Amino acid sequence: VPYADLTRVVLETDQRQLPRSHAEKYELKTIWYWYPLYCLGGIAFVAFVILTITGILLGFFYVPDGRLEIDPTTQNLTNPAWNSMLVIMNEIPFGFIVRGMHHWGAHIMIAAVFLHMCRVYFTGAYKKPRELNWLLGVVLMLITIMFGYSGYLLPANNLSEGAANIGINMTRASPVIGDQLARLLFGDINTLTGVYILRWYWIHVFILPLLGTALMILHMGLVWLQGVAEPH
Amino acid sequence: MEIEHVKGKIMEGMPGFPRQYGPVRSDHQPGIPFFPQETARDFVLIFLLVAIMFFLSAVVTPFLGPARSPQISELIVPDWYLLFSWGLLKVADIFPQFTIGAGTPLKTEFSAAFWGDLLSGIPVIFLLILPFIDRGREARPAKSPVRSAFGVAFLLAWSFTASLYSIREVVAQRWQTPNGSPLIDDIAMKWFFVIPPVLVGLTSYIGLRRLGFAPMRRWLVPYVVGLTAIVEIQAAAILLIPGWLGPEVRPYVVELGVFFLVLLAPMLVSSVAVFAMTESSARKWIVRSGVASLLVFAGLTAGLWFSSTANRVGFVWVLSVLEPSMNTLLLFPIFAVVTAYLGVRRPYSTYEYLLNECYQCGKCHTVCPVTKVEDDALGGLNLVYNTFKKQHDGVPLWTCLACDACSAVCPLDIQYSDYILEERSKVHARMAADGGKRE
């Protein structure tokens with residue numbers, strides 16, 4: 001039984017209007033050889049969904065506290081955030097693989113977003129009337145990069161420390177409001193107190209997801225309304 | 001031929017000639033439905049992506065280093081997507097550093113970090129204003145070579161070299177001469193910001209224009225010959241000016257000369273080829289000399305590296321001359337030969353290049369006078385599309401009147417009659433070559 005046709009017939013008999021594919025809507029007979037690259041935005045979105053799921057799971061166990069403390073047994077310098085990473089990776093069931101998925105999902109999402117931008121650039125899909133969607137896309141790419149940056153501040157390891165230092169120095173270099181901006185974003189003008197972990201935790205799990213999800217809905221809504229840009 | 005068809009004049013409503021077009025068409029729905037076919041395909045992609053993530057997190061486990069501590073011990077390298085900004089921050093010390101408005105609330109320090117912020121902002125500003133600068137209608141990469149070449153140079157090459165600069169310390173430590181100075185010095189790394197992106201941009205421009213059948217000789221000859229001349233002059237200066245080569249490199253001057261020869265030979269061949277040869281023989285000679293010199297270069301490198309320790313030391317000294325000038329001595333030969341090849345290479349056939357823009361609107365078919373009298377053409381034909389797909393010659397080659405009505409209505413300015421005339425002339429050329437006999 002041709003299952004696909006049968007489903008279609010049943011649904012059409014029921015007078016349901018299905019969303020039609022791009023090729024179907026415009027009766028395209030040719031598929032341009034760049035079309036495989038048109039899935040990159042979708043890949044970024046799928047990666048974002050997976051990141052949301054794994055991020056919620058990690059959020060149950062992560063402790064956003066970067067204050068320095070001495071480990072009583074080994075006398076090493078640690079902090080609660082880093083210790084909670086150890087717990088997630090070594091003690092929580094499936095914690096290691098969930099953290100791994102979150103890590104690699106982030107890399108895939110950023111790569112997909114960059115390549116998606118390149119695809120839109122090279123096929124001229126940003127042109128009139130899609131300027132607004134291109135601007136939304138640029139903002140979304142910056143949000144994605146900020147997601148990545150805040151994400152690798154959170155483990156509170158050496159890399160986080162170095163990245164936070166660079167971030168604080170770059171923020172402080174802005175004229176006039178530099179120090180105030182650094183206090184706002186990082187909690188302090190240096191990394192000693194470790195308060196930047198809590199600050200960027202909130203940015204990572206609340207502010208960026210809120211902004212990002214809203215803009216993603218707009219971004220995809222505009223594609224829905226305006227249609228996929230044909231390379232003609 | 002049915003005379004009624006001609007009497008009717010207008011073919012709409014005949015079998016295969018719908019009155020509705022596009023999304024409103026109700027007689028049938030061609031194409032692949034969204035559900036379940038496209039949905040199934042999308043789920044395959046999604047599962048594949050999840051599988052890749054599982055695989056990576058199981059096999060390449062993310063690393064959790066030591067807990068943060070106020071002393072920064074080792075070299076910090078951020079994740080790959082921030083390397084470009086880190087590289088720009090590092091290169092920012094070439095800008096003047098001063099302070100304005102000291103002692104006032106508006107004190108602004110033009111420090112390296114400030115310049116780094118500004119430099120990182122440039123790509124963002126470019127991306128934000130892009131749709132307002134580029135207002136042209138051409139969308140395909142090969143059709144707008146300036147935009148595409150700039151994209152390859154800036155989005156790909158420049159962000160790569162900017163990222164590369166962020167690991168300058170690693171490069172300086174990893175590759176060194178026997179007496180411990182870096183093979184690729186900081187100045188050469190700084191020039192990476194300029195020379196490779198410019199070369200990539202020019203090469204892409206020439207290659208893409210060639211795809212669009214532009215005669216690129218006027219660009220190609222100065223470009224290839226100019227690059228060759230620069231490398232020649234530099235090589236001659238290094239070999240001939242006394243005191244240029246250090247005392248450690250002096251004993252290996254013969255090896256150095258051989259390497260210069262290997263690098264220069266394909267450039268000279270390419271220059272002569274683009275300047276004086278016909279395109280088909282130029283193409284052959286450029287490829288031959290390029291491949292030969294690549295093989296000889298690889299062979300010499302492997303031979304010197306693996307034969308003996310003394311040879312290896314000599315090879316490293318040769319590299320100590322080549323690598324600080326790698327922007328010219330190593331990149332120019334590669335780009336000269338590749339560009340020469342791209343500039344004379346046989347592009348797609350005109351036929352595919354010009355006709356593949358068709359999106360099957362069918363206007364050409366509606367106006368074509370020949371289809372009104374050719375039974376063959378009934379049944380939803382589309383002249384350009386069917387010709388492109390080689391499914392059916394929309395209008396048989398010899399019945400086309402070349403009246404150009406199709407080109408006049410084509411929304412994409414596809415010159416169908418030009419194609420017809422070209423194909424006819426090809427048949428004539430073949431007949432002439434066969435001594436006047438029909439195929």
Side-chain angles (χ1 to χ4, degrees), chain A residues 4 7-8 18-21 23-29 39 43 46-47 50 77-79 82 85 89 97 99-101 103-105 108 110 118 121-124 126-128 131 134-135 138 145 148-149 152 155-163 165 169-170 173-176 192 230-232, chain B residues 22-23 25 29-38 45-46 49-50 53-54 56-58 61-62 64-70 72-74 76 78-79 81-82 86 89 106 108 111 113-114 116-117 124 127-128 130-132 134-135 138-141 144 147-148 151 155 357 359-360 385 412:
Chain A
T7 324
R8 204 169 170 77
L18 286 169
R20 276 178 295 165
S21 73
E24 193 182 10
K25 196 168 163 189
Y26 296 101
E27 300 188 14
L28 293 182
K29 290 176 214 153
C39 72
I43 286 179
V46 171
I50 292 168
L77 206 56
T78 65
N79 59 73
W82 189 77
M85 292 297 293
M89 289 169 75
I97 200 103
R99 193 217 160 197
M101 299 271 292
H103 174 95
W104 284 111
I108 288 176
I110 293 169
C118 289
Y121 179 89
F122 285 111
T123 55
Y126 53 82
K127 284 168 188 282
K128 191 183 167 185
E131 296 99 328
W134 168 264
L135 294 184
V138 173
I145 289 176
Y149 176 72
Y152 73 81
N157 54 16
N158 251 351
L159 177 63
S160 318
E161 189 74 1
N165 267 315
N169 287 338
M170 283 180 79
S174 357
V176 187
L192 282 176
E230 279 298 308
H232 291 131
Chain B
R25 190 164 172 180
Q29 288 296 341
I32 303 160
F34 182 76
F35 182 86
Q37 282 91 334
E38 289 213 345
L45 275 178
I46 290 170
L49 196 66
V50 177
M53 283 185 205
F54 266 115
L56 284 173
S57 37
T61 53
L64 178 72
R68 77 182 194 87
S69 83
I72 293 190
S73 46
E74 60 212 86
I76 294 294
D79 268 358
Y81 46 86
L82 286 173
W86 189 213
L89 198 63
L106 292 177
T108 305
S111 58
F114 174 81
D117 279 2
V124 179
L127 291 177
L128 286 175
L130 171 70
F132 308 102
D134 178 19
R135 308 293 286 180
E138 292 295 0
R140 295 201 172 197
S144 49
R147 163 172 48 92
S148 307
L155 293 180
E357 286 209 320
Y359 62 90
Q360 309 129 41
Y385 174 74
L412 290 161

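Quick note on labels: first sequence line is chain A, next is B, and so on, each numbered from 1. Because the structure is predicted, anything quoted here is derived from the model rather than measured.
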*Asks:* List the steps, then state whether side-chain contact (heavy atoms from CB on, under 4.5 Å) holds for B/D134 with A/Y121.
*Replies:* CA-CA 11 Å; B/D134 178 19; A/Y121 179 89; over 6 Å; no

*Asks:* Check whether A/W104 reaches the backbone of B/P62 with its side chain - one donor and one acceptor, N or O, closer than 3.5 Å.
*Replies:* no

*Asks:* Do you know which two heavy atoms are closest between B/G65 and A/W82, and how far apart they sit?
*Replies:* O-NE1, 3.0 Å

*Asks:* What residue in A/M85, A/M170, A/H103 has the most heavy-atom pairs under 4.5 Å with chain B?
*Replies:* A/M170

*Asks:* Testing A/N79, A/N157, A/L77, A/T78 for side-chain contact (heavy atoms from CB on, under 4.5 Å) with B/S69, which one passes?
*Replies:* A/L77

*Asks:* Determine whether A/Y152 and B/P78 make a side-chain contact, defined as any pair of heavy atoms from C-beta on separated by less than 4.5 Å.
*Replies:* yes

*Asks:* Which atoms of A/I108 come close to chain B, meaning under 4.5 Å heavy atom to heavy atom: side chain ones, backbone ones, both, or neither?
*Replies:* side chain

*Asks:* Which pair of heavy atoms, one from A/A173 and one from B/A113, lies closest together, and at what distance?
*Replies:* CB-CB, 3.5 Å

*Asks:* Run the salt bridge (Lys or Arg N to Asp or Glu O under 4.0 Å) test on B/R135 and A/E131 for me, step by step, so that the C-alpha distance in whole Å, both residues' side-chain angles and the decisive distance to 0.1 Å come before the verdict.
*Replies:* CA-CA 10 Å; B/R135 308 293 286 180; A/E131 296 99 328; 2.7 Å; yes

*Asks:* Roughly how far apart are B/L49 CG and A/I50 CD1, rounded to 0.5 Å?
*Replies:* 5.5 Å

*Asks:* At a heavy-atom distance under 4.5 Å, which candidate from A/V46, A/L135, A/I110 has the highest pair count against chain B?
*Replies:* A/I110

*Asks:* What closest approach, in Å, do B/E138 and A/K127 show between heavy atoms, and which atom pair accounts for it?
*Replies:* O-CE, 3.0 Å

*Asks:* Can you tell me how far CE of A/M89 sits from CG of B/L64, rounded to the nearest 0.5 angstrom?
*Replies:* 5.5 Å

*Asks:* Other residues, nucleotides and ligands only: do more than 12 of their heavy atoms fall within 6.0 Å of CZ on B/F54?
*Replies:* no

*Asks:* Quick one: what part of B/L82 sits under 4.5 Å from any heavy atom of chain A, side chain, backbone, both or neither?
*Replies:* side chain

*Asks:* Taking all non-hydrogen atoms of both residues into account, name the closest pair between A/I145 and B/Y81 and its distance.
*Replies:* O-CE1, 4.3 Å

*Asks:* Between A/V138 and chain B, with a heavy-atom cut-off of 4.5 Å, which part of the residue counts as in contact: side chain, backbone, both or neither?
*Replies:* side chain

*Asks:* Quick one: what part of A/I97 sits under 4.5 Å from any heavy atom of chain B, side chain, backbone, both or neither?
*Replies:* both

*Asks:* When heavy-atom pairs shorter than 4.5 Å are enumerated against chain A, which of B/T61, B/T108, B/D117, B/V124 gives the highest number?
*Replies:* B/D117

